[in-house]
Amino acid sequence: MSKPNETAVQRRWDWPYPIIARAEGIYLWDTEGRRYIDGSGGSSVVTAVGHGVKEIPAAMAKQAEDYSFYPAHVFSNAKLLELADLLASLAPGELRNHCKTRMTVTGSDATDDAARLARQYWMVKGQPSKHIILGRWQAFHGDNIFAVSISGLSARRRMFTPMFRDMPKIPPAFCYRCYFEKTYPACNLLCARVLEDAICQSGPENVAAFIAEPVVGSALACSPAPEGYFQAMKKKCAERGMLLILDEAQTAFGRLGSNFAFERLGVVPDLLSLSKTLGGGLPLAATVTSDDIAEDCRAKGFMHPTSHVSDPLPAAVGLAVLDVIAEENLNERALVMGKYLQDGLLALQQRHEIIGDVRGYGLLQGVELVKDRHSREPDAALGRKITRRCMELGLSMNIVSVGVMSAVWRIAPPLTVSKDEIDRGLEIMDQAIGEVLAEGGA
Ligand code: PMP
């Protein structure tokens, strides 16, 4: 571990992070020569194609040699156009070759853009009162001040609430800790039916859209919604004159075994936000909208020009990333390895009472650590201690706080991970849990 740094502001200001020296495949090395498995694909599912993939620096260098920036108010660039065409050709359902993409920087920006487009759409449609974006508690759509207002991750928003106009939220679709204390399918999808209540409370004339992640990543650690949930939400949005925004920051491009998670949900969103994997480590995000919505908004143009929209360097990398995913058939690999990982985690659960829940899909898996499996009482301190032990043993993991007290591992290694590497990761988790419990827990 290095000394805490005095001048650079890092994620935790006071934490003596090891300093990274190099990365390759699923591994990271620090400056002391220690090797770690990257158990979370970068801290937030960013490095899906793995580290040190040669095609990425090659694409970056080629583009930088040609030009790395251009005056976007008077020129276009070929990589941007190529990437937008590629995304349109990959998009499923009615969006295939009938959508438009706006490229931007971070996932938070893409959320913002989706919300702005929803607002602009209703203005153009002559319904200027529609401005509310309904969201969900325990959901995360970014850290910009607006993105935070529609996100329901308490720790990231509480301090800032006086600074934004809070948007209404409904409870999450979270079967392990069901808000309504019901069980699927007897619940009859109450978590979906409450959308109607929220619409009535806000007034349908005021509601522009509903936003959700297909599988909640950061705020619920890999929690998929129950079967039928998204179809019910899409139907309600259509009935009530609202747009459906899907935030696929964590789920797009292979992690769930397909280019887009919504392929599996049986719904097509009106607006879609993408980021993380797409940039292969560079900041690149995108907001995709159907041709119909884009056509309606075209009249006024999209009124949100910033310095780093449509940049060629990340677009060139985005093309290289999508190429690697297709060439190496990583979508299929994510399903096979995801099943292998989930089976391994379920076996680990048999050995350790403190593993309350194993959930997720593909290579986006969550492991909730609890005091005991029957009470489901959360134990964040224990979770943090085991996570630190994993790091000492060579496995870097992302621990997510779900609600206020609980601790869940979000396990999302690069999609290139092998069975042997998964086995090694599972061994480390097993050893770390055993050792910390033997020492008396948290
Ligand atoms: N949406 C989701 C679903 C995310 O998980 C995140 C980041 N964890 C974001 C948006 C924000 O992305 P960024 O950190 O690139 O701003």
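We count ligands from 1, going down the list as the structure has it; atoms in each ligand are counted the same way. Keep in mind it's a predicted model, so treat the numbers as computed, not measured.
With hydrogens and angles disregarded, a donor-acceptor distance shorter than 3.5 Å links the side chain of K169 to the backbone of S149. The main-chain N or O of L313 is never found under 3.5 Å from a side-chain atom of D311 such that the two would form a donor-acceptor pair.
Using a 4.0 Å cut-off between a side-chain N of Lys or Arg and a carboxylate O of Asp or Glu, K236 and E196 qualify as a salt bridge. Taking the charged nitrogens against the carboxylate oxygens, R157 and D166 do have a contact shorter than 4.0 Å, which makes a salt bridge. Under a 4.0 Å N-O distance rule, the pair R96/E94 does not qualify as a salt bridge.
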Which atom pairs, nitrogen or oxygen on both sides, join ligand 1 and the protein at under 3.5 angstrom?
unit_1   : atom_1 : unit_2 : atom_2 : d
ligand 1 : 1 (N)  : D247   : OD1    : 3.3
ligand 1 : 1 (N)  : D247   : OD2    : 2.6
ligand 1 : 5 (O)  : Q250   : NE2    : 2.7
ligand 1 : 8 (N)  : S218   : OG     : 3.4
ligand 1 : 8 (N)  : K276   : NZ     : 2.9
ligand 1 : 15 (O) : G107   : N      : 2.8
ligand 1 : 16 (O) : G107   : N      : 3.4
ligand 1 : 16 (O) : S108   : N      : 2.8
ligand 1 : 16 (O) : S108   : OG     : 2.5

Would you sort out whether H131 and R165 count as a side chain to side chain donor-acceptor pair (under 3.5 Å), showing the intermediate values?
-> CA-CA 11 Å; H131 68 287; R165 168 128 191 244; 3.3 Å; yes

